[in-house]
Amino acid sequence: MPSAATSTALPAPARRRSTAPGWLVTLLVCAGQFLVILDVSVVNVALPAMRTGLGLSELGLQWIVNAYVITFAGFMLLGGRAADLFGRKRIFVLGLALFTVASLAGGAAQQPWQLIVARSLQGVGAAVLSPATLTILTTSFPTGPARTRAIATWTAVGAGGGAVGGLVGGVLTQYLSWRWVLLINVPVGALVLVGAVLWLTESRQATARRLDIPGALLATGGLGLVAYGIVQTETAGWGSAAALLPFASGLVVIAAFLAVEARAKAPLMPLGMFRMRAVSSANAAMLLSGAAMFSMWYFLSLYVQNVLGYSPLRAGLSFIPHSLSIVIGSKLAPRLMHRVGAKTLAVCGAALSACGMFWQGAMGVDGTYLGTLLGPGILMALGAGLAATPVAAIATSGAAPGDQGLVSGLINTSRQMGGALGLSVLSTVAAARALSGDGRAALASGYGLAFHVGALVLVAAIVLMLVALPRRQEDATHG
């Protein structure tokens, strides 16, 4: 499940207050953030229609999701630094323009590769746009209640974008076309672009910072190659050159990324950060949690439509309790953290999700909404909402005030990268089981196995949390 807090840029002191009314600045910035978060989830319900319309293979289907997530994760930290260096308004406009044009290209795609390329460009645009949204708010409002209200609105809008994605996708797919889950971004994006050019005020950091473009390209390329190698095992097997070559190449590229980061004067991912126990353990936990939880919406969308025969609209409506549960969990997490502690809450949330995933894995061809979907869905989503906030809080607890934005960016990047790799692995697992049989029963068995494997990944995350996460803030910087 996508997170509302995807910004990676570090809030900086306000240089000057925007001349536009505060409500207008908030509206423009939050609209941009809403589009970014919405597009992580809005395509899920439209996937079966996309497959039929373009003749997508099972491999191509998961790349509709992964192409966006991988480029979003790979360029997110770079986007935050570009906003600081070149100006938040300029980068906001550039990112939104790229995102809007890519949405138009995706909606007009006639071939699978055209849609995948468009989704990749959407991800780049989102990674450039999203980090600028929060810093525009923090530089447009003075410290105090006004800024707090603006940030709260930004957070709520982000959560709403993730929550309503399934419903929006279902309505557009059923009553218009799957193409409209992408084309809807065009008029909205154009309006926000005009407003941003006319009313947002430029701001940037006084101190120039280098852009680590090689680091961003290596991180994205390495992750993409590893994911591609994993999904190739679905048809070629783990021992085939078609799977091993891209997988090994991806590991080499990732090793090159680490070498570049170790020598760069302004690295995209400062490796020294991972010497802090809180940062390293929380990022590892978030990577595993993202690998398990991100694909929940993907497999549920395929199950309810391909196995249970739901229409796109009915599928979107069926996910409303799931969406509300993850929002409720996210809202409850800060209060519960003060009572039980961040580590305890993170473990309990992950355990709740793991129970839901084990339960969901029992799905069958004759499943019902009340008996098969509602209960496990609420557990999975509520647990995900409860776990994400404390893990992020632990990661930032050992960082200096000036590094808080960077560490938050690392956590969000870990979540997205884990989700991309997890979807690749779990899709391969599901396809292998489905190919062993025929019809809807085989599909249900494959999707169920994916949930069971995802639950095991979450169990591994829980063990890691118990062993490695620091319990007290004063332990955060010690290994």
Side-chain angles (χ1 to χ4, degrees), residues 1-4 27 30-54 56 61-62 64-65 67-69 96 99-100 102-109 115 118-119 122-123 125-126 156-192 294-328 367-370 372-374 377-378 380-381 447:
M1 176 67 186
S3 168
L27 176 64
C30 289
Q33 179 70 356
F34 181 83
L35 289 177
V36 166
I37 302 302
L38 182 72
D39 258 62
V40 178
S41 58
V42 72
V43 301
N44 283 322
V45 172
L47 288 172
M50 288 179 172
R51 182 174 187 175
T52 301
L54 293 181
L56 284 160
L61 199 65
Q62 58 187 279
I64 300 304
V65 178
Y68 184 85
V69 175
L96 183 57
F99 183 87
T100 303
S103 298
L104 177 61
L115 182 55
R119 287 286 288 168
Q122 268 191 310
V157 166
V164 305
L167 179 58
V168 171
V171 170
L172 293 175
T173 301
Q174 178 146 340
Y175 292 109
L176 295 174
S177 162
W178 66 262
R179 297 182 182 277
W180 278 96
V181 302
L182 301 173
L183 292 176
I184 193 65
N185 296 327
V186 178
V188 178
L191 286 174
V192 178
F294 179 84
S295 58
M296 172 181 74
W297 308 95
Y298 177 86
F299 289 114
L300 283 178
S301 296
L302 295 180
Y303 172 69
V304 298
Q305 293 184 78
N306 293 341
V307 177
L308 301 185
Y310 282 23
S311 68
L313 177 60
R314 188 181 178 190
L317 290 171
S318 71
F319 296 148
I320 289 178
H322 304 57
S323 301
L324 292 176
S325 296
I326 200 168
V327 172
I328 291 171
T368 63
Y369 183 71
L370 293 178
T372 309
L373 293 172
L374 185 61
I378 289 175
M380 287 187 291
Y447 301 149

Set of side chain to side chain contact (heavy atoms under 4.5 Å, CB included) partners for A105, sequence neighbours left out = A118
For V192 and A31, the nearest pair of non-hydrogen atoms, with its separation, is CG2-CB, 3.7 Å
Partners of Y68 by ring pair (Phe, Tyr, Trp, His ring centres under 6.0 Å), sequence neighbours excluded?
-> F72
On a heavy-atom basis, the closest approach of M296 and M380 is SD-CB, 3.4 Å
pair V168-V181: side-chain heavy atoms closer than 4.5 Å = no
Can you tell me how far the CG atom of D39 sits from the CZ atom of R119, to the nearest 0.5 Å?
-> 5.5 Å
Specify the closest pair of heavy atoms between N185 and T100, including all atoms of both residues, with the distance to one decimal.
-> O-CG2, 4.2 Å
Sequence neighbours excluded and cut-off under 3.5 Å, please list the side-chain donor-acceptor pairs for residues 301-309, or say none.
from: S301; atom 1: OG; to: W297; atom 2: O; distance (Å): 2.8
from: Y303; atom 1: OH; to: G364; atom 2: O; distance (Å): 2.6
from: Q305; atom 1: NE2; to: V45; atom 2: O; distance (Å): 2.8
from: Q305; atom 1: NE2; to: S301; atom 2: O; distance (Å): 3.4
from: N306; atom 1: ND2; to: Y447; atom 2: OH; distance (Å): 3.4

Where the side chain of S295 meets the backbone of Y298, is there a donor-acceptor pair that is under 3.5 Å apart?
-> no
For residues Y175 and L313, determine if any side-chain heavy atom of one lies less than 4.5 Å from a side-chain heavy atom of the other.
-> yes
Could you state the interatomic distance from CZ (F34) to CG (L27), rounded to the nearest 0.5 Å?
-> 12.0 Å
Going by heavy atoms in the side chains, are L172 and L183 under 4.5 Å from each other?
-> no
4.5 Å side-chain heavy-atom contact, L182 and L115 = yes
L373 and H322 have their tightest heavy-atom pair at O-NE2, 3.7 Å
Check whether any side-chain heavy atom of F319 lies under 4.5 Å from a side-chain heavy atom of N44, and answer yes or no.
-> no
Nearest 0.5 Å please: distance from the SG atom of C30 over to the CG atom of L35.
-> 11.5 Å
Should P321 and Y369 count as side-chain neighbours, where that means a heavy-atom distance under 4.5 Å?
-> yes
Can you see which heavy atom on I64 is nearest to which on M50, and at what distance?
-> CG2-SD, 3.8 Å
